[in-house]
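Worksheet for the structure shown next.
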Amino acid sequence: MKLYILRHGQTLWNTQKRMQGQTDILLNEEGIRLAEETGRGMKDIDIDLVISSPLLRARQTAELVMAGRSIPLITDRRIMEMSFGDWEGESFLDSKVLPPEFIDQFYHDPFHAAKPPKGESFQELVERLAGFYRSIAGNEAYRDKNILISTHGAASRALLMNFYEDKEDFWRGGVPKNCAVTIVNVENGIGTVEELDKIFYKEV
């Protein structure tokens, strides 16, 4: 099994450094461009199945990347973005609501960051994505498939926790860029990261 773990394209809230979480936001024009260019860059990669977060920005990205191909697409709520609860829509740039220490901990010590009211902790997110990974790794029908997984920044990093021995380094160098693709080879239930955050589009 080979996994192509894709972060969605850019949205307006990305440009405003807002916490999107599970709020449904469409791609902006740049996000559409990134997804379309990523699709062209991946045109020679055989994909058997797409599993997408049901959130619009992830599904829209998957559809643009796979445009022109007749590939089954299913959605799975377990790969939705981390829920930020009452803090969704708050901006890291000028929020009067977020605790001052939260922003620094979010990026540098996420497992000790405060749990958003009515939201999820990073550990809960990791456990959710671990359940998703176990279900696909244990599915015999997927054993020899190439699967595109269209998901989100924090959710994609939580999924990668299944492939590294170091369980403290959540971000692996930082939040992935929009439409970055991490390629993972899975054999006998063990995943190995072959390429982290590959970019298929021209950066401007």
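What you see is a predicted model; the values in this text were computed from it and never measured.
A donor-acceptor contact closer than 3.5 angstrom links the side chains of Q20 and T11. Using modelled atom types and a 3.5 Å distance limit, the side chains of S95 and R18 yield no donor-acceptor pair. A donor-acceptor contact closer than 3.5 angstrom is absent between the side chains of S150 and H8.
Judged by distance alone, with hydrogens and angles left aside, the side-chain atoms of S156 form no donor-acceptor pair with the main-chain N or O of T151 at under 3.5 Å. Between the side chain of R7 and the main chain of P176, a donor-acceptor pair closer than 3.5 Å is present. Remark: side-chain polar atoms of D24 are not paired, donor with acceptor, to backbone N or O of L55 under 3.5 angstrom. At distances below 3.5 Å, not a single donor-acceptor pair connects side-chain atoms of W171 with backbone N or O atoms of P110. Between the side chain of E120 and the backbone N or O of K115, no donor-acceptor pair lies under 3.5 Å. In terms of modelled atom types and a separation under 3.5 Å, the side chain of N188 and the main chain of I190 share no donor-acceptor contact. At distances below 3.5 Å, not a single donor-acceptor pair connects side-chain atoms of T38 with backbone N or O atoms of V65. The closest donor-acceptor contact from the side chain of S91 to the backbone of Q16 lies under 3.5 Å. Looking only at distances, a side-chain donor or acceptor of N162 sits under 3.5 Å from a matching main-chain atom of L159.
Below 30°, between 30° and 60°, or above 60°: for F111 and F170 the angle between ring planes is above 60°, a perpendicular geometry. By the 30° and 60° cut-offs, the orientation of the rings of F163 relative to Y133 is perpendicular.
Taking a cutoff of 4.0 Å between a charged side-chain nitrogen and a carboxylate oxygen, D46 and R69 do not qualify as a salt bridge. Here E194 pairs with K2 in a salt bridge; the nearest charged N to carboxylate O distance falls below 4.0 Å. Taking 4.0 Å as the cut-off between side-chain N and carboxylate O, E81 and R57 do not count as a salt-bridged pair.
A cation-pi contact, defined as under 6.0 Å to the ring centre and within 45° of the axis, links K198 to F200.
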Practice task
Check the pair R33, E30 against salt bridge (Lys or Arg N to Asp or Glu O under 4.0 Å), reporting the backbone distance first and the verdict last.
Solution key: CA-CA 5 Å; R33 181 189 74 83; E30 176 66 2; 2.7 Å; yes
Problem - Chi angles and distances behind the side-chain contact (heavy atoms from CB on, under 4.5 Å) call for T23, W13 - result: CA-CA 10 Å; T23 302; W13 279 21; 3.8 Å; yes
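Among I103, L93, D94, the single residue meeting the side chain to side chain contact (heavy atoms under 4.5 Å, CB included) criterion with K17 is L93.
No side-chain heavy atom of I74 sits less than 4.5 Å from a side-chain heavy atom of V50. With contacts defined as side-chain heavy-atom distances shorter than 4.5 Å, the pair K145/L49 does not qualify.
When the ring pair (Phe, Tyr, Trp, His ring centres under 6.0 Å) test is applied to W87, the partners found at least two apart in sequence or on another chain are F102.
Surrounding NZ of K167 are more than 12 heavy atoms belonging to other residues, nucleotides or ligands, all under 6.0 Å away.
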